[in-house]
Amino acid sequence: MGIQVGMVGVGSFAQCFIPLFKAHPLVDRVILCDLDAEKLKENSLRYGIPDASPSLDALCETDVDAVAIITQHWLHAPQAAQALKAGKHVYSAVPTGVTVAEIADLIKTVEVTGKVYMLGETSYYYPGVLYCRERFRQGAFGHIVYGEGEYYHDWDHGLYDVARWRGGDRWLELAGGPPMHYPTHSTSQIVSVTGAYMTHVSCQGFVDRADDGIYRAGANIWNNVFSNEAALFRMSDGSACRINEFRRIGNPGAVRMRLYGTEGSFEETSAGSVWVTKNYAETEQLDDLLACKGVSVRSAEAEGMGKVTSQDGTHRDVCPLHPVERLPKEFIGLPNGHCGSHQFLVDDFVRACAEGTLPPNDVWQAARYALPGIVAHESAVNGGILMEIPDFGAGPKAI
Ligand SMILES: NC(=O)c1ccc[n+]([C@@H]2O[C@H](COP(=O)([O-])OP(=O)(O)OC[C@H]3O[C@@H](n4cnc5c(N)ncnc54)[C@H](O)[C@@H]3O)[C@@H](O)[C@H]2O)c1
């Protein structure tokens with residue numbers, strides 16, 4: 001049986017997801033929801049979706065089964081808890097939350113309500129992450145000794161516009177959030193591959209030197225002065241992990257990882273990606289395998305990858321490692337994004353709701369992606385002291 005989904009927030013990023021929820025064969029009806037009536041009207045016309053709701057509060061009063069929260073990044077955890085308490089399943093854009101207390105409350109709410117919660121973490125389906133997950137499953141790394149994850153996004157790459165449309169008149173006050181409050185793209189790359197989680201952290205912050213007034217004491221609600229933060233974590237499997245969240249960086253922009261084991265290692269840099277072992281001759285160049293150029297349905301069939309029956313079309317923005325055969329055929333040719341991840345995330349969530357299963361990136365995993373960053377920032381504010389990171393367990397999948 002299909003489900004009814006309310007899209008909460010029909011701003012910029014929701015444009016990537018409305019068409020996918022609408023096209024999914026297990027979704028019977030989509031309702032658009034935003035505080036901004038103008039945006040609601042525009043999106044209603046753009047996507048031919050007549051049903052609309054003026055706020056999350058109003059949407060919670062309706063009989064939708066699920067909501068997809070794609071609102072400003074500091075709002076997610078309380079909004080997700082509100083929707084869960086109203087009996088809705090929840091898909092949330094990243095990050096999970098921005099305080100330990102609100103994430104603790106979110107987990108408790110999922111446990112009490114028994115509803116599906118899933119974080120739409122795009123890194124989970126990045127090619128390098130898919131590659132490492134498979135190598136890890138095979139045992140090819142040996143014991144993991146060290147990992148690195150990073151998200152580099154300089155303000156000159158569109159962030160001023162993003163801050164203005166998300167923050168409105170208060171944009172400057174809301175723009176200077178601690179970089180480590182948005183850590184999930186980086187942390188999830190390591191945590192979702194090895195299953196180990198961060199237990200302790202020491203973090204250093206770079207005091208910003210730009211003159212745009214964003215990272216200044218008293219200028220933002222977090223009183224944050226750091227534009228870049230670099231954290232070293234102790235992991236539950238005995239390894240170490242370094243996470244960088246940089247917003248002032250001479251770099252074209254990246255979400256990427258490296259992972260080192262006693263037998264083999266994966267290295268992803270601006271120059272490309274390789275698998276290496278102790279034997280230089282075994283080095284594998286991975287750039288072609290990990291390039292998201294799209295996979296045509298015909299070639300996927302020819303390679304025995306899929307059960308898709310259409311005779312033409314392309315799964316857009318995916319690499320040969322993406323398991324496109326599990327996607328609904330209705331997604332063929334539709335927009336995808338963030339290295340092929342959007343379609344998989346929507347499919348994970350809708351199936352979990354419709355079939356009553358636990359999705360990947362559930363609330364316990366989502367907490368393990370976000371909490372390390374929140375505590376890392378506290379460490380940085382305190383000069384890099386070593387701090388313990390709270391853990392709420394792995395949830396029912398651990399049983
Ligand atoms: N790779 C990724 O995972 C990725 C990439 C881009 C954006 N994002 C996330 O997507 C989210 C949205 O970003 P955006 O740029 O689209 O923001 P946006 O400002 O364009 O859209 C947010 C919308 O939410 C609406 N909203 C807020 N509170 C609401 C409420 N109570 N009820 C109804 N509507 C409400 C706002 O009116 C606004 O239109 C952010 O949290 C961001 O972190 C993730």
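Each ligand, and each atom within it, is numbered from 1 in the order the structure gives. Values below: all heavy atoms of this structure, side chains included; hydrogens, waters and symmetry mates excluded.
- Residues W364 and Y369 place their aromatic rings such that the two centres sit no closer than 6.0 Å.
- Contact residues for ligand 1 (protein heavy atom closer than 4.0 angstrom to any ligand atom): V8, G9, G11, S12, F13, C33, D34, L35, K39, S55, L56, I70, T71, Q72, H73, L75, H76, Q79, A93, V94, T122, W165, R166, Y182, H185, H338.
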Per-pair distances, 0.1 Å, donor-acceptor, side chain in residues 83-94, under 3.5 Å, sequence neighbours excluded:
unit_1 : atom_1 : unit_2 : atom_2 : d
K88    : NZ     : T62    : O      : 2.6
K88    : NZ     : V64    : O      : 3.0
H89    : ND1    : V116   : N      : 3.0

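- Both tests pass for R133 against the ring of Y124: distance under 6.0 Å to the centre and angle within 45° of the axis.
- Between F344 and H315, a ring centre-to-centre spacing not shorter than 6.0 Å is recorded.
- The ring of H377 has its center closer than 6.0 angstrom to the ring center of H181.
- Residues F206 and F226 keep their aromatic ring centres 6.0 Å or farther apart.
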